[in-house]
K.L.:
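Mind looking over this structure? Questions follow.
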There are 2 protein chains.
Amino acid sequence: MPDFPVHVVFPGRIVFVGFGSIGQGVLPLILRHVGVSPDRITIVTAEDAGRQEAQEYGIKFVKQPITQENHAQVLGPLLSTGDFLLNLSVDVSSIALIKLAREKGALYLDTCIEPWPGGYTDQSVSAARRTNYALRESALALRTPGNKGPTAVLTHGANPGMVSHFVKQALLNIAADTGTDAGNPRTREEWAALSHKLGIKVIHIAERDTQVANIPKKLGEFVNTWSVDGFISEGCQPAELGWGTHEKTLPPRGHEFDFGPKCAIYMMQPGAGTRVRTWTPKAGSFHGFLITHGESISIPDYLSHREGGKVVSRPTAHYSYHPCNDAVLSVAEFAGRNWQQQERKRIMNKEIIDGIDELGVLLAGHKKNAYWFGSQLSIEEARKLAPYNSATSLQVCVAVLSGLVWAMENPTQGIVEPDEMDFRRNLEICKPYLGPVVGSYTDWTPLTGRNSIFKEDVDADDPWQFKNVLV
Amino acid sequence: MPDFPVHVVFPGRIVFVGFGSIGQGVLPLILRHVGVSPDRITIVTAEDAGRQEAQEYGIKFVKQPITQENHAQVLGPLLSTGDFLLNLSVDVSSIALIKLAREKGALYLDTCIEPWPGGYTDQSVSAARRTNYALRESALALRTPGNKGPTAVLTHGANPGMVSHFVKQALLNIAADTGTDAGNPRTREEWAALSHKLGIKVIHIAERDTQVANIPKKLGEFVNTWSVDGFISEGCQPAELGWGTHEKTLPPRGHEFDFGPKCAIYMMQPGAGTRVRTWTPKAGSFHGFLITHGESISIPDYLSHREGGKVVSRPTAHYSYHPCNDAVLSVAEFAGRNWQQQERKRIMNKEIIDGIDELGVLLAGHKKNAYWFGSQLSIEEARKLAPYNSATSLQVCVAVLSGLVWAMENPTQGIVEPDEMDFRRNLEICKPYLGPVVGSYTDWTPLTGRNSIFKEDVDADDPWQFKNVLV
Ligand SMILES: NC(=O)c1ccc[n+]([C@@H]2O[C@H](COP(=O)([O-])OP(=O)(O)OC[C@H]3O[C@@H](n4cnc5c(N)ncnc54)[C@H](O)[C@@H]3O)[C@@H](O)[C@H]2O)c1
Ligand SMILES: NC(=O)c1ccc[n+]([C@@H]2O[C@H](COP(=O)([O-])OP(=O)(O)OC[C@H]3O[C@@H](n4cnc5c(N)ncnc54)[C@H](O)[C@@H]3O)[C@@H](O)[C@H]2O)c1
């Protein structure tokens, strides 16, 4: 057995809430890289899934769905000062759990900001309030003056999460490759200034999952390489994107926010029904879904460059996700049912026979046009690297691990977003699990190959207008 | 071996042009049901595909791509009065072959009206002229006064083709089920009057192919259950549809024609990039591609009901095609490449392990809302019924057979469309090969389940407006 470095010794208890594809994938990583004994870990989850794995590692497994009513009662006794609440569930309010952790003096990490069930599709709430933008605002509102208190890491999976670190590395690489003096940026202002200096107009979180299985998707079945419920939830939220200062016109059904930092917009349609053009090194150009994500808001907010208090430069930023083929088919079927969920769901795992998850950030508009930086992890390599994982889950799980380690190393940072964390420390922990991590320039733009068989309505003057990106 | 009825004895020669999935599938049916000896059949095709099958049946196989330059020279000597030219190729002009057949006094049948290569995507030709509407006009223009001459059957596969016969059967069934006196319609005018009387507003050719294989589609591969080239060609043509008299507004990028009968419109976008809502009994509601097809124009033209010389009632009609899942993925990839064809192609055949091709017509707007009538042939049953076929090919091949038999039985009809043929005779020949042929009423409309998570811009007053159908 290889010698795994223990990144941090943790004397407290760790409580998992939820133990699905991510929980199951991250547990072995925590046991490998964090100095904590199995008897100090408890899993609280809604189903039996993962019970066997918990048993294998000697971890206490409690099947008890957490609700608005019972969450303090069930989780409260498991948490006190210096413990860790790790939220890897669906259908449990992140806000409620952050509050509870802070009351108890416990550290916290989640991989997205979730509401209680129904919060994403509740038509009695305005679409603007069903966005990640609004969820982020309510999480940030929990900050006390000076942002003190036990560290609570928001939205730290692969994306949102690790991709914020990719963006910083990519900015430094582009600076180096274009002969731009990057300095040594450490503050938000300095990173924003660097992005501005490089002329970054657009950041796509560009992901192409090519994993395929040896059994075909069935009719009435939603198949994915990670949470079906999670993907359906975010896919039904309004499409949202960080809105760059170079953008000339709102997209059809696009709306600005009338609260918060106004760094983003939303569209009155589900992300799973919204397609955008993007590019990754192995896949080339493709259409992804514009699924709303925390990073689409936090990254452009973080990179907003101000002069005289006014934002003068901010990139457009959004997720462009081509999930595995079976998930593309599942979304098509789901759309054909007017967003009524299929009867069955399946998270692909053992049945995966081939493919990679190519996940990275595409930074465009600079001197060398566009640069993708990210991970090209294959299913084969993922299986060699860690048990209970696919390529997709491992990219997420190692980012959960790195965020958790960082929080343990920095336990009094208050409520933090990925962009506010030490990207070098996080990438250092993640890298051994990411397969090939590559940077690649491309001359592709959303105008490449357009007007091939029909005249299209494009903005030929500025390739990186969102108008050109939207399908 | 079961006793197969010989529908017609044919003393002439038969020349196949093209021998792909349809040619290969139809040959055994012709040998079964037409009195013709193998030595009177010749195959002229562009590739080696099917050579072994031809050998097995003792059929002459000539590998010689037909071009604009060589077609008369290569095919001419193979044809004289009373012979049959069966065009099952791609990339060969139907118009040119019809002319040749007529010069020689030979009968003719094809399954779509094709131009010479490049004709579908030639941007130097206006989009309006790249439509099936325009191709149909040029085929009908070959008619001599009184439409005399050897029978040339246009566009007689499953669809276009057999679905025109389904429509007539469906009209009679709806009349019977709504207590409407149908009379005994025989002429175009009588069928149009019946459609008008029943209040038919919309006809979808609604197809859901659920066939799946045991090997996944590869990156850069276009997979389908029938011609990849054929599907790509028609998918790149402008989306077109017969345009009903009840329609209030043209769709975005929709255009009327300024020539011909003006029974249809086209959209300035490829059909493979245009989605429409429809319904079949087994699949329920789904999104199909609005791929242009001959029947979308011939059916509404045929059913145009006139009063005082003016069209007062005509249904909207179009194809709504959900091809097999691997083809849906292939189209998505193709779109992401801006309609640049993938490097590899594969027509699924032996690797199919499950699924049906549910192909029929959905007639809507009448007293009982909507009625689907069609075939639900499974791969299993197709394999039992005929060699060298999938569910998809068999539905096409049996329609080729029935059209060919009808032409042989009616050899002096000139140039005819499916709508002008004897639907009873055709269905009689087809039926044994179609698996379950079912009629099914539904209360589904394109408004069913809408506004589920977002307010949508719909015409609530008239469910069957195309505006509600378009995704
Ligand atoms: N940031 C990222 O990169 C990223 C990536 C993948 C997943 N995620 C998020 O991580 C979370 C987990 O994803 P997953 O793939 O493991 O999901 P999953 O669907 O596989 O598992 C969800 C888990 O939550 C549990 N659960 C459901 N309701 C619960 C309740 N009321 N109380 C307690 N537990 C409950 C389920 O029993 C299950 O164990 C999701 O919110 C997902 O959106 C983030
Ligand atoms: N109406 C319908 O329901 C229906 C259904 C399926 C297919 N079709 C049409 O039938 C035709 C054949 O379909 P398929 O699935 O068999 O296609 P396929 O791609 O399997 O085969 C095409 C055949 O045409 C031959 N060919 C190509 N170029 C040629 C040339 N220049 N000269 C002679 N032969 C040439 C190829 O060698 C091959 O044998 C297509 O036009 C398709 O659009 C119609």
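Chain A is the first sequence line, chain B the second, and so forth, proteins listed ahead of strands; every chain is numbered from 1.
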K.L.:
Could you tell me which non-hydrogen atom of A213(A) sits nearest to which non-hydrogen atom of P216(B), and how far apart they are?
P.N.:
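In terms of heavy atoms, the two residues are closest at O-CG, 4.0 Å.
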
K.L.:
Given that the side chain runs from C-beta out, which part of K282(B) has a heavy atom under 4.5 Å from chain A: side chain, backbone, both or neither?
P.N.:
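For K282(B), no heavy atom lies under 4.5 Å from chain A.
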
K.L.:
Against chain A, label R450(B) side chain, backbone, both or neither, depending on which of its atoms sit under 4.5 Å from a heavy atom there.
P.N.:
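Answer is both: backbone and side chain atoms of R450(B) are under 4.5 Å from chain A.
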
K.L.:
Is R130(A) positioned over the aromatic face of F454(B), cation under 6.0 angstrom from the ring centre and no more than 45 degrees off axis?
P.N.:
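Judged by the rule (NZ or CZ under 6.0 Å from the ring centre, within 45° of its axis), R130(A) counts as positioned above F454(B).
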
K.L.:
Minimum heavy-atom separation for R275(B) to R275(A), with atom names?
P.N.:
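Shortest heavy-atom separation between R275(B) and R275(A) comes out as NH2-NH2, 3.8 Å.
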
K.L.:
Give a yes or no on this: more than 12 heavy atoms of other residues, nucleotides or ligands lie within 6.0 Å of atom CD of E380(B).
P.N.:
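Atom CD in E380(B) is not packed in, count stays at 12 or less.
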
K.L.:
Can you tell which part of T210(B) gets under 4.5 Å to a heavy atom of chain A, answering side chain, backbone, both or neither?
P.N.:
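For T210(B), side-chain heavy atoms alone lie under 4.5 Å from chain A.
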
K.L.:
Quick check for you: among K455(B), Q269(B), E333(B), R277(B), which has the greatest number of heavy-atom pairs under 4.5 Å with chain A?
P.N.:
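Option with the greatest count: Q269(B).
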
K.L.:
May I ask you to test the L219(B)-R208(A) pair for a side-chain heavy-atom distance under 4.5 Å?
P.N.:
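A side-chain contact exists here, since the closest heavy-atom pair is under 4.5 Å.
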
K.L.:
Where along residues 336-346 of chain B does a heavy atom come under 4.5 Å of chain A, listed by residue number?
P.N.:
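Checking residues 336-346 of chain B against chain A gives G336(B), R337(B), N338(B), W339(B).
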
K.L.:
So if I take each residue of residues 222-241 of chain A and look for any heavy atom under 4.5 Å from a heavy atom in chain B, which residues do I end up with?
P.N.:
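Near chain B, by residue number: C236(A), Q237(A), P238(A).
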
K.L.:
Counting heavy-atom pairs closer than 4.5 Å to chain A, which one of V212(B), I215(B), T448(B), N325(B) comes out on top?
P.N.:
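Between V212(B), I215(B), T448(B), N325(B), the count favours N325(B).
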
